Amino acid sequence: MSESVPVMWMRAGTSKGGFFLATDLPADTSARDALLLRLMGSPDARQIDGLGGADPLTSKVAVVRLSSRHGIDVEYLFLQVFVDEATVSDSQNCGNMLAGVGGFAIERGLVQAEDGVTSLNIYMVNTGQSATARVQTPGGQVSYAGEARIDGVPGTAAPVLLEFRDTAGSTCGALFPTGDTVNKIDNTPVTLIDNGMPCVVIRAADMDISGKESPAELEQNTELKTRLESIRLQAGVLMNLGDVSAKSVPKMNLLSEPCAGGEITTRTFIPHCCHKAIGVLGAVSVATSCLSEGAIGFEMVKQSTAEELTFNLEHPTGMLAVVVRRKHGKVETVANLRTARKLFDGHAFT
């Protein structure tokens, strides 16, 4: 008889995956990873024998536990389950999956809901940083229905506001891990930055593309992908990440001039597939690069002296807005609006 494990499947931001209580998964990391690979159906390009959606954005896992940390409600570990490799990675965070953590924690009874809006302080285990999520809870019940809309997701849902703190250098040890705003790798100017997500920021023109190509077009550009991987492997060492050949970071971000009313246009590799949108924390790092004098993107953006501004990043399926608060010209806190929806709640079978 097949064994089963309790799980809630959610669409969170522009991602989708399984939400588990830590107590429902094996404590041993190897056993946990083997279970998750089996549940997702990896390794297999179609993930036909599992719940994964044959795409990195739909092969994700959130592991949540009650926290004993001061000022923290719950702890969230993000796991990227590779599609066609037998790999489960905890080397990065995921701001999209974070959008579902609050609702899941309330529904599982880890946090008592308030009438109206419930604020949760969430510790992100992968990077050691924290965030506040504000979840809609009319009548003390999580509501996923609402009028908020985010690009990359059809329809509308209840808004989930995410505010990030202490993100600078959360993985690499410093906002600019090399101490420079621009480095050269393979004779290409790059900005190596970590404001919640380790990213390599490059002008699209420097990679001989316009930056307006579709993800499908970029996926077929083998020369581009080879050049990006060469830069990524070298950047990993410079960013204190070590050998990143089997890691999903750093993310590779190609910038070009905006064309739909935003501040910048992005094309992101995560790291080998072209993202159909852009990750939440990746967007934070890219926006910070564009707002930091001397970094890649700064000269491409119309700069403002406002202490609080909304920075819109165009991506292949729309736009993602990052609310930036600055102090003395430096990015201090960032927030953005996401949505989430519960898809099913029950048991997954191995």
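Bear in mind that the values here come from a model prediction, so they are computed numbers and not experimental data.
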Is it the case that more than 12 heavy atoms not belonging to [X] sit under 6.0 Å from its [atom1] atom?
| X | atom1 | result |
| --- | --- | --- |
| R227 | CZ | yes |
| K212 | NZ | yes |
| E308 | CD | yes |
| E307 | CD | no |
| D49 | CG | no |

So if you build clusters from Ile, Leu, Val, Met, Phe, Trp, Tyr with side-chain heavy-atom gaps below 4.5 Å, do [X] and [Y] land together?
| X | Y | value |
| --- | --- | --- |
| L79 | L57 | no |
| M124 | I72 | no |
| V334 | L291 | yes |
| M97 | L77 | no |
| L241 | L175 | yes |

From [X] atom [atom1] to [Y] atom [atom2], the distance as rounded to the nearest 0.5 Å:
| X | Y | atom1 | atom2 | result |
| --- | --- | --- | --- | --- |
| I278 | M319 | CD1 | CE | 12.0 Å |
| E75 | S68 | CD | OG | 6.5 Å |
| L51 | T58 | CG | OG1 | 10.5 Å |
| E114 | L120 | CD | CG | 9.0 Å |
| R203 | L254 | CZ | CG | 12.0 Å |
| M197 | C172 | CE | SG | 10.5 Å |

Looking at every heavy atom in both [X] and [Y], which two are closest together, and how far apart are they?
| X | Y | value |
| --- | --- | --- |
| F82 | S59 | O-OG, 4.4 Å |
| C94 | Y76 | O-OH, 2.8 Å |
| C290 | V301 | CB-CG2, 3.8 Å |
| I270 | H275 | CG2-CD2, 3.5 Å |
| V244 | G236 | CG1-CA, 3.8 Å |
| C273 | P56 | SG-CG, 4.1 Å |

Who pairs with K16 by side chain to side chain donor-acceptor pair (under 3.5 Å), at least two apart in sequence or on another chain?
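Here no residue qualifies.
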For R165, enumerate each residue passing the side chain to side chain donor-acceptor pair (under 3.5 Å) test, keeping only those at least two apart in sequence or located in another chain.
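For R165 the side chain to side chain donor-acceptor pair (under 3.5 Å) partners, ignoring immediate neighbours, are S130, T132.
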Is there side-chain contact between [X] and [Y], with heavy atoms separated by less than 4.5 Å?
| X | Y | value |
| --- | --- | --- |
| F20 | L36 | yes |
| L98 | V280 | no |
| L39 | T350 | yes |
| P258 | E263 | no |
| L35 | E3 | no |
| T333 | F164 | no |
| T191 | V182 | yes |
| K251 | R232 | no |

Looking only at atom types and distance, does a side-chain atom of [X] sit under 3.5 Å from a main-chain N or O of [Y], one as donor and one as acceptor?
| X | Y | answer |
| --- | --- | --- |
| Q129 | S170 | no |
| K60 | N96 | no |
| T265 | E257 | yes |
| Q92 | V249 | no |
| E314 | G261 | yes |
| D73 | N121 | yes |
| T118 | V135 | no |
| S289 | G297 | no |
| R11 | G13 | yes |
| D115 | P138 | no |

Report the C-alpha distance between I193 and F176 in whole Å, list the side-chain angles of each, state the deciding distance to 0.1 Å, and finish with yes or no for side-chain contact (heavy atoms from CB on, under 4.5 Å).
CA-CA 5 Å; I193 188 168; F176 298 104; 3.8 Å; yes
Residues that Q220 engages under side-chain contact (heavy atoms from CB on, under 4.5 Å), provided they are two or more places apart
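So Q220 forms no side-chain contact (heavy atoms from CB on, under 4.5 Å) with any residue.
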D345 vs R108, side-chain contact (heavy atoms from CB on, under 4.5 Å): CA-CA, chis, key distance, verdict
CA-CA 11 Å; D345 190 4; R108 284 292 190 262; 2.9 Å; yes
Test side chain to side chain donor-acceptor pair (under 3.5 Å) on S42 and Q47 and set out the steps.
CA-CA 6 Å; S42 299; Q47 291 183 318; 2.8 Å; yes
With no hydrogens and no angle check, just 3.5 Å: does a side-chain donor-acceptor pair link [X] and [Y]?
| X | Y | answer |
| --- | --- | --- |
| T188 | D186 | no |
| N253 | T268 | yes |
| Q80 | S248 | no |

When clusters are formed from ILVMFWY side-chain contacts under 4.5 Å, directly or step by step, what else is grouped with [X]?
| X | answer |
| --- | --- |
| V323 | none |
| V153 | I150 |
| V83 | none |

Stepwise salt bridge (Lys or Arg N to Asp or Glu O under 4.0 Å) test for R267 and E213
CA-CA 8 Å; R267 293 294 184 268; E213 295 87 350; 5.7 Å; no
Looking at N93, T167, D166, which hits side chain to side chain donor-acceptor pair (under 3.5 Å) with T127?
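Testing T127 for a side chain to side chain donor-acceptor pair (under 3.5 Å) against N93, T167, D166 leaves exactly one candidate, N93.
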Would you please test V200 and M239 for side-chain contact (heavy atoms from CB on, under 4.5 Å) and show each step?
CA-CA 10 Å; V200 179; M239 298 177 77; 4.3 Å; yes
Reference residue P189; test side chain to side chain contact (heavy atoms under 4.5 Å, CB included); the match among N183, D206, V201, I202
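Passing option: D206.
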Just say parallel, tilted or perpendicular for the rings of W9 and F344, cut-offs at 30° and 60°.
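Parallel: the ring planes of W9 and F344 meet at under 30°.
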Checking side-chain contact (heavy atoms from CB on, under 4.5 Å) for the pair M40/V61: CA distance, chi angles, key distance, verdict?
CA-CA 10 Å; M40 283 293 187; V61 165; 4.0 Å; yes
